[in-house]
> 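My structure is below; once you've seen it, I'll send some questions.
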Amino acid sequence: MSKEITPRAQDYSQWYNDLVIKGSLADHSAVRGCMVIKPYGFALWENMRDVLDKMFKDTGHQNAYFPLFIPKSLFEAEEKNAEGFAKECAIVTHYRLKTDPNNKGKLIVDPEAKLEEELVVRPTSEAIIWNTYKGWIQSYRDLPILVNQWANVVRWEMRTRLFLRTAEFLWQEGHTAHATKAEAVEETTKMLDVYADFVENWMALPVIKGVKTPNERFAGAEDTYCIEAMMQDGKALQAGTSHFLGQNFAKAFDVKFSDKNNNLEYVWATSWGVSTRLIGALVMAHSDDQGLVLPPKIAPLQVVIVPIFKGDEQKAAIDAKVTVMMAELKALGVSVKYDDSDNARPGWKFAEYEMKGVPVRIAIGARDLEQNIVEVARRDTKEKANASIDGIGIHVKNLLDEIQQNIFNRAKAFRDDHITEANTWEEFVQLLDTKTGFISAHWDGTPETEDKIKEQTKATIRCIPLDNKQEAGTCILSGNPSTQRVLFARAY
RNA sequence: CGGGAAGUGGCGCAGGCCGGUAGCGCAUCUGGUUUGGGACCAGGGGGUCGCAGGUUCGAAUCCUGUCUUCCCGACCA
């Protein structure tokens, strides 16, 4: 089992791939662009999902489930949405195979079994959901509808990368319906806040909340809000989006309601989602050349205990102590594993759990028992220190909190250090080449300028930060007047 | 989809140009010695070379097609 990880400095992309595969998060599969999420990786996703799910429910949402397939006629109803996704859709055209008369043991698509209407494998579910909502909404009393679904979607991407961009991915998509514009806008920003809260406080990943420019907007949305995170190579990664859909889908699917005055009005909509891509963000943001670094609050395993012993007698003494420690840790809600497998020596285990990003490792040997101590190593800094076995539960619990905070602080310091202002085009271009990260610069607000900048530098406008201060300036490219700075970066 | 590289025991690779039915390291199994940062000795098992055709007496090796992955572009969460 070769466990060498390509160093970040040598090849950042390869480093990322190594982490995902050697950290046991996921593997490539036999299907182009689709990955197998392995138990360790899925445990991570489950933890993330559980926290988010609770946050959604705490903000009044309910889960439901809609079909994987969308009849083409429904899919094309909202024109912009359909156009935006058309070139990356998988389509079901037949419903039966038959044995190939010319080739024994092989199957062919039965031409007799062609569908009357093709089915689009959902790249997103607005269409099927709004078609359904039409039947759910008659009066203002039916509103709001606050529904979320956990699902898989398919987007036939040209170039895929584990977690960051796969042809099929897992996500949640919230779809809400409201009686007023104000309420829908409020929902949009509320869910953006939920995402930011989750990503910062659970994934320890600092984000910038902002609005997308028209160019970068979700197909079919009036406004797309987003949270943008920075990876260790300075590139931006969109970590979540929340869309204010206006009345676009209500009009496309003719969803109207009677208000209090008995007037028929179109319904206002939002949709919002985060995906397994978040795992990619997590990996890229915190990990190092030894392996994954996972935030304690969502790590599949928080603590691993490794025994060091000679002979059965010592092992038995260690076992007894460990049993007590495990009970203490579990009582405090800490997930802990005792790895006393005898097919690997301690050094091997140390390296292995570092690879997997387990936040805290406890080593306990005969000489520790004499002093009633253990060696506690933290993954984020790799510091090791002795700790008394008495009160180990509280000690570790506090350490986990400290690690969580430290990982966040580290990522935030890095990010803040990599946001730079540029005031001229020369400065802007030079910064992109010399210093990675986000660039805060004036833009004249036109899609044409944005396109030109993208063409020349590959940098896109990640967002217009929500807390932006207004200041007069001139666009770095066109020189036209501007009222505020926006954030540029090369992005994943 | 365009350009480049690659698919050989579980993993990482060699062999390929100059066809003659596979080899190395790690892992694995058995026994023993070990155990505070990826242990050591001895013995054993495991692959027909991505897949499908073709050339040939004979193909991992040559030819054609195809699938998948990685890197660079265009597209995107």
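Every chain is numbered from 1, with letters handed out A, B, ... down the list of sequences.
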> Counting any heavy atom closer than 4.0 Å, what does Leu237(A) reach on the DNA or RNA strands: base, sugar-phosphate only, or nothing?
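No contact.
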> Could you tell me how far C67(B) sits from U30(B) if I compare only their P atoms? Round to whole Å.
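Those two atoms are separated by 43 Å.
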> Nearest to the Glu157(A) side chain among G38(B), G37(B), C75(B), which nucleotide is it?
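For the Glu157(A) side chain, the nearest candidate turns out to be C75(B).
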> When you get a sec, tell me which of U35(B), G37(B), C72(B) is the closest nucleotide to the side chain of Ile308(A)?
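Of all the options, the side chain of Ile308(A) is nearest to U35(B).
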> Base, sugar-phosphate, or nothing for Arg345(A), non-hydrogen atoms under 4.0 angstrom?
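Base contact - Arg345(A) has a heavy atom under 4.0 Å of at least one base atom.
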> Of the candidate nucleotides C72(B), G38(B), U35(B), which contains the atom at the shortest distance from the side chain of Pro346(A)?
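Closest nucleotide to the Pro346(A) side chain: U35(B).
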> From A74(B), G37(B), U69(B), pick the nucleotide closest to the side chain of Arg32(A)?
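Nearest listed nucleotide: U69(B).
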> Which part of the nucleic acid, if any, lies within reach of Glu354(A) when heavy atoms closer than 4.0 Å are counted: base, sugar-phosphate only, or nothing?
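The answer is base, as Glu354(A) lies within the cut-off (heavy atoms under 4.0 Å) of a base atom.
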> What residues form a salt bridge (Lys or Arg N to Asp or Glu O under 4.0 Å) with Asp319(A), not counting sequence neighbours?
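Counting only residues at least two positions away or on another chain, Asp319(A) forms a salt bridge (Lys or Arg N to Asp or Glu O under 4.0 Å) with Lys315(A).
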> For the side chain of Phe309(A), starting at C-beta, report the closest nucleotide among G37(B), U35(B), G36(B).
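Out of G37(B), U35(B), G36(B), the nucleotide with an atom closest to Phe309(A)'s side chain is U35(B).
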> Given pairs defined as Watson-Crick or G-U wobble with both distances under 3.5 Å, what dot-bracket annotation applies to RNA chain B, with ( ) intrastrand, [ ] crossing, | other strand and . unpaired?
((((((((.[[[[.)....(..]]]].((((((.....)))))).....[[[[[..)....]]]]])))))))....
> Identify whether any heavy atom of Lys382(A) sits under 4.0 Å from a base atom; if not, whether one sits that close to sugar-phosphate; answer base, sugar-phosphate or nothing.
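The residue Lys382(A) makes no contact with any strand.
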> Name the closest nucleotide to the Glu352(A) side chain, picking from G38(B), G36(B), C71(B).
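Nucleotide nearest to Glu352(A)'s side chain: G38(B).
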> For residues Val486(A) and Pro465(A), report the shortest heavy-atom separation together with the two atoms involved.
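In this case the closest contact between Val486(A) and Pro465(A) is CA-CD, 4.5 Å.
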> Could I get the full list of salt bridge (Lys or Arg N to Asp or Glu O under 4.0 Å) partners for Arg217(A), not counting sequence neighbours?
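Residues passing salt bridge (Lys or Arg N to Asp or Glu O under 4.0 Å) with Arg217(A): Asp223(A).
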> For Ser13(A), which contact category applies under a 4.0 Å heavy-atom criterion: base, sugar-phosphate, or nothing?
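Sugar-phosphate: the residue Ser13(A), judged by heavy atoms under 4.0 Å, touches backbone atoms but no base.
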> Heavy atoms under 4.0 Å, any strand shown: does Asp368(A) hit a base, just sugar-phosphate, or nothing?
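Base contact.
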> So if I take every side-chain heavy atom of His28(A) and compare against C75(B), C70(B), G73(B), which nucleotide ends up nearest?
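Of C75(B), C70(B), G73(B), C70(B) is nearest to the side chain of His28(A).
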> Heavy atoms under 4.0 Å, any strand shown: does Gly280(A) hit a base, just sugar-phosphate, or nothing?
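No contact.
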> Under the criterion ring pair (Phe, Tyr, Trp, His ring centres under 6.0 Å), which of Trp156(A), Phe75(A), Phe218(A) is the partner of Phe85(A)?
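For Phe85(A), the ring pair (Phe, Tyr, Trp, His ring centres under 6.0 Å) test succeeds with only one of Trp156(A), Phe75(A), Phe218(A), which is Phe218(A).
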> Please work out if Thr166(A) contacts a base, only the sugar-phosphate, or nothing of the nucleic acid, heavy-atom cut-off 4.0 Å.
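Since a base atom lies under 4.0 Å of Thr166(A), the category is base.
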> Choose from G36(B), C72(B), C75(B) the nucleotide whose nearest atom is closest to any side-chain atom of Glu375(A).
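Ranking G36(B), C72(B), C75(B) by closest atom to the Glu375(A) side chain puts G36(B) first.
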> Could you tell me whether the side chain of Lys310(A) has a donor or acceptor atom within less than 3.5 Å of a complementary atom in the base of G36(B)?
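Between G36(B) and Lys310(A), which were checked side chain against base, a qualifying N/O pair under 3.5 Å is absent.
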> Between G37(B), C70(B), G36(B), which one does the side chain of Phe350(A) approach most closely?
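Given the options G37(B), C70(B), G36(B), the side chain of Phe350(A) is closest to G37(B).
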> When you measure from the side chain of Glu88(A), which nucleotide among C75(B), A74(B), G38(B) comes out closest?
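Nearest nucleotide to the side chain: C75(B).
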> Check every strand shown and say whether Gln238(A) touches a base, only sugar-phosphate, or nothing at a heavy-atom separation below 4.0 Å.
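If one applies the 4.0 Å heavy-atom cut-off, Gln238(A) turns out to touch the sugar-phosphate alone, with no base involved.
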> How long is the line joining CZ of Arg367(A) and P of G36(B), in whole Å?
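Distance check: Arg367(A) CZ to G36(B) P gives 10 Å.
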